[in-house]
Amino acid sequence: GPRIHGLAATKTDMDAIVEKSLRRAGLWDEVKDRLADPGTALSGGQQQRLGLAMAVIGRPELVFVDEPTAGMDPHARRATWELLRDLRRDGVTVVLTTHHMDEAERLCSRLLVLDHGRKIAEGRPRELIAQHGSLDALLAAAERDPSAFLRPSGDMAAAARSAARATSRVWSGSSSM
């Protein structure tokens with residue numbers, strides 16, 4: 001029968017899975033009437049949330065999201081944050097890249113801050129804020145005096161593996177943000 005990312009399902013089951021995923025992404029009310037007309041265009045923010053909804057439809061254990069709220073309006077940004085929080089509550093490990101320090105502070109339980117591929121800081125947001133006053137202050141200090149922060153961390157793949165391991169350890173048993 002029909003399949004969605006390895007999930008055997010009837011058409012009714014698939015419709016329910018798609019609706020649930022669109023609701024989680026805060027898109028259902030916005031797109032339910034458009035489903036019958038595939039020519040209807042979605043906004044950029046809707047397209048980003050749809051991509052995230054599609055990525056999690058198969059119930060993954062690990063999700064990588066790159067700048068998930070770039071270009072979104074405040075409502076869409078909050079809906080995306082809520083979806084990412086829901087994934088985390090469901091035990092999904094989320095590795096997030098962002099340039100928005102408020103987003104990192106709100107969504108991440110552990111940060112790996114990179115500058116030109118080099119690690120400049122690593123730790124829990126609260127710890128880094130306590131050390132530097134804010135995440136923005138940390139970045140400003142690194143810009144003023146990169147040599148005080150830049151230290152080799154191996155290649156980018158090693159940094160990503162380190163972040164994924166740290167994120168998995170911290171997030172896997174967490175039940176709140």
Please walk me through it: do Val92 and Glu61 pass side chain to side chain contact (heavy atoms under 4.5 Å, CB included)? CA-CA 5 Å; Val92 175; Glu61 294 178 22; over 6 Å; no
Using 0.5 Å steps for rounding, measure from the OG1 atom of Thr97 to the CG atom of Asp66. 3.5 Å
Salt-bridge contact Glu122-Arg110 (side-chain N to carboxylate O under 4.0 Å): yes
How long is the straight-line distance from CD1 of Ile120 back to CG of Leu138, given to the nearest 0.5 Å? 5.0 Å
Should Leu52 and Met72 be regarded as members of a common hydrophobic cluster, given that ILVMFWY residues are connected when their side-chain heavy atoms come within less than 4.5 Å of each other, either directly or indirectly? no
How close do Cys108 and Pro125 get, heavy atom to heavy atom, and via which atoms? O-CG, 3.2 Å
I'd like to check Val113 versus Lys119 (side-chain heavy atoms, cut-off strictly below 4.5 Å). Are they in contact? no
side-chain contact (heavy atoms from CB on, under 4.5 Å) involving His99 - partner list, sequence neighbours excluded: Glu67
What distance separates Arg106 CZ from Met101 CE, expressed to the nearest 0.5 Å? 12.5 Å
To the nearest 0.5 Å, what is the distance between CZ on Arg124 and CD1 on Ile129? 13.0 Å
Under the side chain to side chain contact (heavy atoms under 4.5 Å, CB included) test against Arg85, which residue among Thr80, Asp90, Leu107 passes? Leu107
Would Leu135 and Leu111 satisfy side chain to side chain contact (heavy atoms under 4.5 Å, CB included), going step by step from the backbone distance to the final call? CA-CA 10 Å; Leu135 295 177; Leu111 299 174; 3.7 Å; yes
Is the shortest side-chain N to carboxylate O distance from Arg89 to Glu82 below 4.0 Å? yes
side-chain hydrogen bond (donor to acceptor under 3.5 Å, both in side chains) between Glu103 and Thr69, worked out: CA-CA 9 Å; Glu103 186 165 87; Thr69 62; 2.4 Å; yes
CH2/Trp81 to CG/Leu96 distance, rounded to the nearest 0.5 angstrom? 10.5 Å
Identify whether the distance between the nearest side-chain nitrogen and carboxylate oxygen of Asp73 and Arg78 falls below 4.0 Å. no
Val63 vs Val95, test: side chain to side chain contact (heavy atoms under 4.5 Å, CB included). Steps then yes/no. CA-CA 6 Å; Val63 174; Val95 177; over 6 Å; no
